[in-house]
Amino acid sequence: MDVRATPLSIDGAWLFEPATFADRRGSFTAPFQGPAFREALGFDLTVAQANQSVSARGVVRGVHYADVPPGQAKYLHVAAGAVRDVVVDLRVGSPTFGRSEAVDLDATSLRAVYLAEGLGHAFQALTDTAVVGYLCSTSYTPSAEHGIDPLDPVLALPWAEGVEPVLSDKDRAAPTLDEALAAGALPTWEACRARYAALRG
């Protein structure tokens with residue numbers, strides 16, 4: 001198998017682009033490949049839980065993140081349709097704190113995004129139906145899971161033009177970045193760096 005790994009502008013976020021093999025029957029792709037992941041990041045991805053979401057056009061899920069330690073890293077790809085995937089640096093003290101980066105993912109290219117512990121994650125469905133699969137490094141723990149308002153004007157996330165955002169009640173009620181920062185609810189760069197160092201041994 002073949003896959004190209006490229007770091008994004010936010011430390012701890014990566015884009016993986018796997019090769020697709022097509023013939024008269026259809027195609028085959030391996031969106032996640034352990035050896036390529038280890039070569040790029042220097043450690044193996046521990047998978048504690050695999051999730052799948054199905055979203056209608058316009059649905060925004062996120063911005064979600066988990067307490068660090070241990071945090072929750074995610075590796076995700078789109079199995080059907082297309083989404084705009086957004087990584088947000090929520091690590092207080094990080095050189096890129098508050099910055100975001102968007103990558104369009106779809107079921108044709110099967111590009112995948114990895115985001116390390118402490119980074120916020122959100123996406124918006126761009127097609128009538130979008131199916132997203134996630135590999136998560138830790139299991140879901142409700143008390144450790146948090147969110148930031150994906151429509152926070154301070155973040156100014158680059159949602160698709162002409163596509164009305166559809167939010168859950170929980171995401172709509174989430175605090176802004178400034179509110180979460182004032183409440184001490186965000187992970188720190190120091191704690192996240194310690195977590196990354198531990199993963200690399």
Side-chain angles (χ1 to χ4, degrees), residues 1-66 70-90 100-140 145 150 157-160 163 192 195-196 199-200:
M1 302 301 292
D2 184 34
V3 60
R4 180 173 64 180
T6 306
L8 299 179
S9 65
I10 297 173
D11 184 68
W14 287 74
L15 176 67
F16 288 83
E17 300 175 275
T20 294
F21 303 90
D23 59 26
R24 61 182 177 79
R25 301 168 299 163
S27 64
F28 179 86
T29 309
F32 174 73
Q33 298 173 42
F37 183 92
R38 168 169 271 283
E39 181 178 350
L41 279 89
F43 60 90
D44 292 320
L45 176 64
T46 297
V47 178
Q49 184 169 315
N51 299 335
Q52 178 174 291
S53 65
V54 180
S55 303
R57 177 177 168 84
V59 166
V60 173
R61 296 183 185 269
V63 178
H64 298 152
Y65 68 99
Q72 187 183 70
K74 297 176 181 177
Y75 187 103
L76 57 128
H77 75 281
V78 173
V83 306
R84 174 154 298 169
D85 196 79
V86 180
V87 179
V88 185
D89 193 347
L90 301 177
S100 65
E101 184 164 1
V103 179
D104 288 346
L105 305 176
D106 59 67
T108 300
S109 68
L110 285 172
R111 301 193 304 169
V113 166
Y114 169 78
L115 58 148
E117 295 87 345
L119 294 176
H121 177 252
F123 70 81
Q124 182 179 34
L126 303 179
T127 48
D128 288 343
T129 301
V131 180
V132 178
Y134 320 63
L135 301 178
C136 302
S137 65
T138 56
S139 298
Y140 175 68
E145 302 289 332
L157 300 181
W159 301 123
V163 181
C192 291
R195 175 64 176 166
Y196 308 154
L199 289 171
R200 292 181 174 88

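It should be emphasised that the depicted structure is a prediction, and the values quoted were computed from it without experimental measurement. Position 1 is the first residue of the sequence, and the numbers go up from there.
- The side-chain heavy atoms of Gln49 and Tyr134, taken from C-beta on, include no pair separated by under 4.5 Å.
- In this structure, the separation between CG on Leu199 and OG1 on Thr46 is 7.0 Å, given to the nearest 0.5 Å.
- Inter-residue side-chain proximity for Val86 and Trp159 is flagged as met; some heavy-atom pair is nearer than 4.5 Å.
- Taking CD from Gln124 and CZ from Arg61, the interatomic distance works out to 12.0 Å, rounded to the nearest 0.5 Å.
- Of all heavy-atom pairs spanning Leu157 and Pro150, the tightest one is CD1-O, 3.7 Å.
- When all heavy atoms of Ala19 and Thr29 are compared, the closest pair comes out as O-CG2, 3.5 Å.
- Taken from CD in Gln33 to CG in Leu45, the straight-line distance is 13.0 Å, to the nearest 0.5 Å.
- Checking side-chain atoms of Ser137 against main-chain N and O of Ala73 turns up a donor-acceptor pair under 3.5 Å.
- Under the 3.5 Å distance criterion, the side-chain polar atoms of Arg111 are left unmatched by any main-chain donor or acceptor of Leu15.
- No more than 12 heavy atoms of other residues, nucleotides or ligands sit less than 6.0 Å from atom CG of Asp128.
- Proximity of a side-chain donor or acceptor of Thr138 to a complementary backbone N or O of Gly71 within less than 3.5 Å is detected.
- For Asp44 and Arg38, the salt-bridge test passes: some basic side-chain N is under 4.0 Å from an acidic carboxylate O.
- Between the side chain of Arg57 and the main chain of Val163, no donor-acceptor pair closer than 3.5 Å is present.
- In this structure, NE2 in His77 is found 14.0 Å from CZ in Phe16, a value given to the nearest 0.5 Å.
- Nearest heavy-atom pair, Ala13 versus Val87, reported as atom, atom and distance to 0.1 Å: CB-CG1, 4.1 Å.
- Closest heavy-atom contact between Thr20 and Ser27: CG2-CB, 3.8 Å.
- Side-chain atoms of Ser55 and Val132, non-hydrogen and from C-beta on, never get closer than 4.5 Å to each other.
- Taking the side chain as every heavy atom from C-beta outward, Leu76 and Leu105 approach each other to under 4.5 Å.
- Between Phe37 and Tyr75, the angle of the ring planes goes over 60°, which puts this pair in the perpendicular group of the 30/60° scheme.
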Discussion item. Evaluate His121 against Val113 for side-chain contact (heavy atoms from CB on, under 4.5 Å), listing each step before the verdict.
Written reply: CA-CA 10 Å; His121 177 252; Val113 166; 5.7 Å; no

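- Looking at Asp89 and Leu119, their side chains come closer than 4.5 Å, going by heavy atoms from C-beta outward.
- Closest non-hydrogen pair, Leu126 versus Ala160, comes out as CD2-CB, 3.6 Å.
- Of the possible polar contacts, none joining the Glu101 side chain to the Leu8 backbone as a donor-acceptor pair under 3.5 Å is found.
- Between Tyr140 and Glu145 there is a side-chain heavy-atom pair separated by less than 4.5 Å.
- For the atom pair CG (Leu41) and OH (Tyr114), the distance works out to 6.0 Å, reported to the nearest 0.5 Å.
- Heavy-atom minimum distance, Arg84 versus Asp104: NE-OD1, 2.8 Å.
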